Visitor: 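Following this message is one structure expressed as structure tokens.
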Number of protein chains: 2
Amino acid sequence: MTTAEDPAQPTGRVRDAARTRGEIMDAATREFARAGYAGARVDEIAARTRTTKRMIYYYFGGKEQLFTAVLERAYSVIREAEQRLDVEHLDPVAAIRRLAAVTFDHHEAHPDFIQLVSIENVYGAEHIAGSEELRRLSSPAIDVIRRILDAGRAEGVFTADVDAVDLHAMISSFCFFRVANRHTFCALFDRDLLERDRREHYRTMLADMVIAYLTSGETPARQH
Amino acid sequence: MTTAEDPAQPTGRVRDAARTRGEIMDAATREFARAGYAGARVDEIAARTRTTKRMIYYYFGGKEQLFTAVLERAYSVIREAEQRLDVEHLDPVAAIRRLAAVTFDHHEAHPDFIQLVSIENVYGAEHIAGSEELRRLSSPAIDVIRRILDAGRAEGVFTADVDAVDLHAMISSFCFFRVANRHTFCALFDRDLLERDRREHYRTMLADMVIAYLTSGETPARQH
DNA sequence: CCATCAATGTACGAACTGGTCCGTTAGTCA
DNA sequence: TGACTAACGGACCAGTTCGTACATTGATGG
């Protein structure tokens with residue numbers, strides 16, 4: 001009894017599981033990043049989709065599992081970026097600069113990811129702990145760093161005795177802080193760490209710092 | 001008609017506004033740090049107190065204002081620590097090492113503060129923006145850093161051309177990351193950044209890195 | 001062309017949660 | 001000592017929110 005409806009578009013309802021799933025994850029990523037895990041609203045996520053809340057439960061089971069799925073995807077993106085690093089042909093110093101720059105750029109390009117990681121840390125990383133996939137997926141970056149460090153030490157350019165994981169933490173911390181804490185930092189120090197004009201400056205600063213440390217002759221004498 | 005009640009302790013109810021207020025803030029700090037702003041429960045905060053939820057609204061007005069009050073107190077603590085810095089009598093290198101160490105220790109000693117800052121950033125620092133007190137209270141650390149940098153440059157030991165605010169960001173980022181992201185980092189890289197045995201190592205590493213950068217001759221040639 | 005099932009939409013409910021109403025009690029000061 | 005007020009307790013309400021029961025529809029194979 002539908003009056004004058006185009007039979008080609010009866011309700012506009014198209015069945016496309018992959019698209020629906022993807023749309024839910026996109027909306028969820030934004031909503032979780034916007035308001036945190038507890039602050040995110042399942043209804044709001046659904047509203048930002050061409051489907052309904054029912055589908056979230058159909059595909060993911062619940063809010064918790066949806067958040068885990070969102071996290072898994074966000075991490076897989078950075079893992080892929082790391083796998084594309086391709087620094088084997090560079091000399092150690094250039095390789096580290098490259099690594100730092102890629103890490104820097106990836107953080108800047110994915111503020112939602114940073115936000116999700118912050119949120120996950122508020123909850124003690126319980127979702128990562130509960131995800132086989134995430135615990136299995138180790139970072140290719142660590143291996144890359146290890147190889148660069150070995151090469152640099154063999155050539156005698158790197159004198160500092162650093163561990164690959166620690167160096168990764170060092171590089172990540174600056175990239176992460178710049179994005180994650182931009183709001184409080186800007187409010188308190190009146191400096192927008194993400195300002196376009198400053199980006200190149202910070203990217204260079206980070207690389208300079210790391211290289212200076214790695215090549216800083218003997219470890220400087222400790223005073224106190 | 002209270003049967004056999006000690007008149008000295010009729011109900012155990014003592015009137016102490018300051019204590020009640022303080023207890024609420026302590027409980028709120030823990031609860032907000034535990035579950036985020038939206039995840040924190042006003043009832044739970046009240047339960048962790050010798051008073052009731054009613055008093056939270058009596059003293060603070062609401063959840064939002066309570067969170068702001070908690071933030072204000074947390075920031076005032078670090079500001080006081082910065083004011084006690086006392087590095088004027090040290091040579092520039094030692095002064096920077098001292099500053100880095102104090103920042104490092106303060107972050108480690110106040111994980112709840114770190115958590116609160118993370119949470120505040122998820123919400124775009126809206127509470128800081130809405131707090132006169134917080135916007136007014138600028139960091140003494142910046143002035144201290146500025147003076148140290150000037151002295152170091154005058155003496156010729158510091159060659160890098162850094163800004164005080166940027167250096168502060170650099171130092172803070174590592175200290176912050178180590179505490180804020182310890183859970184995800186540990187889950188993904190199987191390394192506990194807060195492990196006791198590693199603390200000295202990381203503290204030295206941070207100072208070495210900053211000093212290496214500040215004293216690294218000409219700014220290293222930029223490659224890409 | 002019909003049976004079947006994955007995919008989807010609607011409406012609803014039970015539990016939770018921030019916030020408030022109203023009454024009570026302990027100090028204190030005239 | 002009695003009135004006054006700051007400090008306090010407990011019950012309750014209204015709106016929200018996650019999750020689900022149930023109905024429906026489109027594709028697919030026989």
Side-chain angles (χ1 to χ4, degrees), chain A residues 1-3 5-28 31-32 34-70 119 123 126-127, chain B residues 1-3 5-28 31-32 34-70 119 123 126-127:
Chain A
M1 211 68 82
T2 53
T3 55
E5 283 229 346
D6 187 347
Q9 271 192 345
T11 64
R13 192 162 153 190
V14 188
R15 298 173 99 88
D16 188 340
R19 195 202 65 180
T20 301
R21 236 187 102 95
E23 263 185 32
I24 292 174
M25 290 195 67
D26 290 343
E31 174 68 0
F32 281 126
R34 183 190 68 81
Y37 174 75
R41 298 293 160 236
V42 178
D43 281 303
E44 183 61 27
I45 294 171
R48 305 276 176 153
T49 303
R50 268 179 289 185
T51 184
T52 64
K53 183 168 60 160
R54 177 68 185 77
M55 289 296 96
I56 292 175
Y57 291 89
Y58 182 71
Y59 282 116
F60 297 95
K63 192 183 183 182
E64 202 102 14
Q65 293 101 305
L66 175 59
F67 184 77
T68 301
V70 164
I119 293 162
Y123 292 96
E126 59 180 25
H127 303 95
Chain B
M1 212 66 82
T2 53
T3 55
E5 283 229 344
D6 187 347
Q9 271 191 342
T11 64
R13 193 162 152 188
V14 188
R15 300 172 96 89
D16 188 339
R19 195 203 65 179
T20 300
R21 235 187 104 95
E23 265 185 31
I24 292 173
M25 291 196 67
D26 291 343
E31 174 68 0
F32 281 126
R34 183 190 66 81
Y37 175 75
R41 298 292 160 235
V42 179
D43 282 302
E44 183 61 27
I45 294 171
R48 305 276 175 153
T49 302
R50 269 179 289 184
T51 184
T52 63
K53 182 167 62 159
R54 177 69 187 76
M55 288 298 98
I56 293 175
Y57 291 89
Y58 181 72
Y59 283 115
F60 298 93
K63 191 182 182 182
E64 201 104 13
Q65 294 101 304
L66 175 59
F67 184 76
T68 302
V70 164
I119 294 162
Y123 291 96
E126 60 178 23
H127 302 95

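Lettering of chains follows the sequences in order, A, B, ..., and the numbering in each one begins at 1. Fair warning: this is a prediction, and the values are worked out from it, not measured in the lab.
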Visitor: Rounded to whole Å, how long is the line connecting atom CD of A:E23 with atom C1' of C:dA7?
Guide: 14 Å
Visitor: Can you find a side chain N or O atom of B:Y59 that sits less than 4.0 Å from OP1 or OP2 on D:dC8?
Guide: yes
Visitor: Looking only at side-chain atoms of A:Y58, point me to the closest of C:dG18, D:dA7, C:dT8.
Guide: C:dT8
Visitor: Between atom CZ of A:R50 and atom CD1 of A:I24, what is the distance when rounded to the nearest 0.5 Å?
Guide: 12.0 Å
Visitor: Provide the closest heavy-atom pair for B:R21 versus B:Y59 in the form atom of the first, atom of the second, distance.
Guide: NH1-O, 3.6 Å
Visitor: Measure CZ/B:F32 against C1'/C:dT17 and give the value in whole Å, please.
Guide: 13 Å
Visitor: Taking only the side-chain nitrogens and oxygens of B:R41, find out if one of them lies under 4.0 Å from OP1 or OP2 of C:dT17.
Guide: yes
Visitor: With respect to the side chain of A:M55, which nucleotide from C:dG9, D:dA7, D:dC8 is positioned closest?
Guide: C:dG9
Visitor: Between A:R48 and A:E31, is the closest basic N to carboxylate O distance under 4.0 Å?
Guide: no
Visitor: Regarding B:A40, tell me which of base, sugar-phosphate or nothing describes its non-hydrogen contacts under 4.0 Å with the strands shown.
Guide: sugar-phosphate
Visitor: Might you point out which heavy atoms bring B:A35 and A:Y123 nearest each other, and give the distance in Å?
Guide: O-OH, 3.0 Å
Visitor: Distance check needed: D:dC18 P versus A:F67 CZ, whole Å only.
Guide: 14 Å
Visitor: Could you walk me through whether A:K63 and A:Y37 satisfy the side-chain contact (heavy atoms from CB on, under 4.5 Å) test, starting with their C-alpha distance in whole Å, then the side-chain angles of each, then the deciding distance to 0.1 Å, before giving a yes or no?
Guide: CA-CA 9 Å; A:K63 192 183 183 182; A:Y37 174 75; 3.7 Å; yes
Visitor: When the distance from CZ of B:R15 to P of D:dC4 is rounded to whole Å, what number comes out?
Guide: 17 Å
Visitor: Return no unless some side-chain N or O of B:Y57 is found under 4.0 Å from OP1 or OP2 of C:dT20.
Guide: no
Visitor: Look at the side-chain N and O atoms of A:T20 and state whether any lies under 4.0 Å from the OP1 or OP2 oxygen of C:dT8.
Guide: yes
Visitor: Over how many whole Å does the gap from B:E44 atom CD to C:dC16 atom P extend?
Guide: 13 Å
Visitor: Could you tell me whether A:F60 contacts a base, only the sugar-phosphate backbone, or nothing, with contacts defined as non-hydrogen atoms closer than 4.0 Å?
Guide: nothing
Visitor: Touch check for A:T52, heavy atoms < 4.0 angstrom, all strands: base, sugar-phosphate only, or nothing?
Guide: base
Visitor: In whole Å, what is the span from the CG atom of B:D16 to the C1' atom of D:dA6?
Guide: 13 Å
Visitor: When all nucleic acid strands are considered with a 4.0 Å heavy-atom cut-off, which category describes B:R21: base, sugar-phosphate, or nothing?
Guide: nothing
Visitor: With nearest nucleotide decided by heavy atoms, which residue, A:K53 or B:K63, maps closer to the 5′ end of DNA chain C?
Guide: A:K53
Visitor: Would you classify B:R50 as touching base, sugar-phosphate or nothing, given that sugar-phosphate means primed atoms plus P, OP1 and OP2, and contacts are heavy atoms under 4.0 Å?
Guide: sugar-phosphate
Visitor: Mark yes or no for a side-chain to base donor-acceptor pair under 3.5 Å between B:R54 and D:dG9, with no hydrogen or angle criteria applied.
Guide: yes
Visitor: Rounded to the nearest Å, what distance is computed from the CD atom of residue A:E31 to the P atom of nucleotide D:dT17?
Guide: 10 Å
Visitor: Report the distance from atom CD1 of B:I45 to atom CZ of B:F60, rounding to the nearest 0.5 Å.
Guide: 9.5 Å
Visitor: How many whole angstroms separate atom CZ of B:R19 from atom C1' of C:dA26?
Guide: 14 Å
